[in-house]
S.K.: 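Could you have a look at this structure, given as structure tokens, before my questions?
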Amino acid sequence: MLFNSLEFLLFFPIVCIVYYAIPSLKWRNMFLLVASYYFYMNWEPVYALLLLTSTLVTYFAALGIDKIKTYKKTFLISSLIINLAILFFFKYFNWAAENVTQIMSWMGIAIRIPEFKVLLPVGISFYIFQALGYSIDVYRGDVKVEKNFFRYALFVSFFPQLVAGPVERSTNLLQQFYEKKKFIAENAISGIQLMLWGYFLKLVVADRLALYVNAVYNNIEHHTGSTITLASVLFCFQLYGDFAGYSYIAIGCSKIMGFKLMDNFRRPYFFSTSIQEYWKRNHISLTSWFMDYIYYPLVGSSTKLWWWCCAIFLTFFISGFWHGAAWTYVICFSIHGFYLVVCSLKEKKQRKFEKKYNLKKREWWIWLNRSATFVLVAFSLIFFRANSTGDAFYGISQIFSNQGDVNLLDKFHLFYGIVAVFILFIGEYIVEYQKVKVTEKNMLKVYALSSCVILALILSLGVFDGGQFIYFQF
């Protein structure tokens, strides 16, 4: 990787400055396209060809869908097959070969499927799903076909959200490349605020907590249930800080340039009162993608609850495969599919119960549900973080059978990590309950003060030699 962590974070504001220095809309778009490919090539130059291939396939498939109506399903299916074949080969082939070899071995058949030594292209699932979403939108008639290849290529490769989302829709982002953006001070101030918050989440929350979480999970057999429990709780905030941090940086950078990306997180870990609400607040762009392009087509016009439950479970099962070539991801998201099925089945009874005892607006009941939701999520994420299914089940067995003493390891990093989580809670509490109202009169003061505070926290508590973003591997 040619970018180190700090250079990567600095790339975003540099592009924003150059963008406004270019007067022409055409050349601005061309600059963003070049910047996007340069940005992507810094991981592995040859993989820019994969990005280009996916772009070409979906571009011409959409043209075919638009021009030759009798074969539009053929064009769509071809686009799906080619893109998913690329995704399968680079992300899943070796894993599938390993599993087939193991199954054959259990059956007494000696066979060895050759594996290919290839690096996983950064963010391949994100841009392929975004490109496929465009093909499907054109097929459905939700968006007009884009005839300008360079404009469409910019939509697929738009650098702020290229490697880790949000997974944008053509109905939102593509049309924005037709507009010449003017510098608006409010957008710039708000965008800088979002980027600083993203840097705080990544450098202070995620990378600080990662020092403890990684030490525990990479040597899980040496730790008691109490230590694993603490690491699992902290991993929830590490994952959130890492992924939401990138999303805020991407959204903030885009906002400075005048582009509006969809929200990807709305404070899911502290304020979700149910698993349904958690998925309305967490990784919104991908969740809505799966709902729109998999769940709703599966449900169709059916009114049967049992089929809705099957469809939601299957959707999350597929989401597990999307996240990575490992059974740990599949199990993690299958657990969430199971949670949602149970929630659907008990929804009516719960509503009656809450209405009967007037619980809906009681603070203790709300926080009880929030706590229960957090515990359920934290349990499922044991599989997400574990290095293998064996490690995950070992960790769970230790949690329920061998609590023991908590190993604090490096108390310095752990203390500051917990302080960072507390600051995160305060910040999200203020936003959730709108404790500070931003008006035109006080906007500059509020943003200036909060930006200075966040910057001070980053410089004093940040970990600047941390690893890359977790979701780059997806």
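Quantities reported herein were computed from a predicted structural model and do not represent experimental measurements. For reference, positions follow the sequence shown, starting with 1.
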S.K.: Would you say S190's side chain and E186's backbone share a donor-acceptor pair under 3.5 angstrom?
M.R.: no
S.K.: When you compare the side chains of D137 and Y293, does any donor N or O come within less than 3.5 Å of an acceptor on the partner?
M.R.: yes
S.K.: Within the 4.5 Å heavy-atom criterion, are L457 and F200 side-chain neighbours or not?
M.R.: yes
S.K.: Please confirm whether the backbone N or O of F321 pairs with a side-chain atom of Y92, one donor and one acceptor, at under 3.5 Å?
M.R.: yes
S.K.: Does the gap between the ring centers of F237 and F422 come in under 6.0 Å?
M.R.: no
S.K.: Drop me the distance from I128's CD1 to L87's CG, to the nearest 0.5 angstrom.
M.R.: 4.5 Å
S.K.: Is a donor from one side chain sitting under 3.5 angstrom from an acceptor on the other, for Q176 and N172?
M.R.: yes
S.K.: Holding to salt bridge (Lys or Arg N to Asp or Glu O under 4.0 Å), I want the full list of residues that pass it with K181, two or more places apart in sequence or in another chain.
M.R.: E179
S.K.: By ring-ring contact (aromatic ring centres under 6.0 Å, His included), which residues pair with F60, not counting sequence neighbours?
M.R.: none
S.K.: Just how far is it from atom CD1 of I275 to atom SG of C343, taken to the nearest 0.5 Å?
M.R.: 6.0 Å
S.K.: What's the separation between atom CH2 in W289 and atom CG in L286, rounded to the nearest 0.5 Å?
M.R.: 8.5 Å
S.K.: Enumerate donor-acceptor pairs with a distance under 3.5 Å from any side-chain N or O in residues 375-387 to protein atoms, sequence neighbours excluded.
M.R.:
| residue | atom | partner | partner atom | Å |
| --- | --- | --- | --- | --- |
| S380 | OG | H336 | NE2 | 2.8 |
| S380 | OG | V377 | O | 2.7 |
| R385 | NH1 | N387 | OD1 | 3.2 |
| R385 | NH2 | N214 | OD1 | 3.0 |
| R385 | NH2 | N218 | OD1 | 3.3 |
| N387 | ND2 | Y217 | O | 3.4 |
| N387 | ND2 | N218 | OD1 | 3.2 |

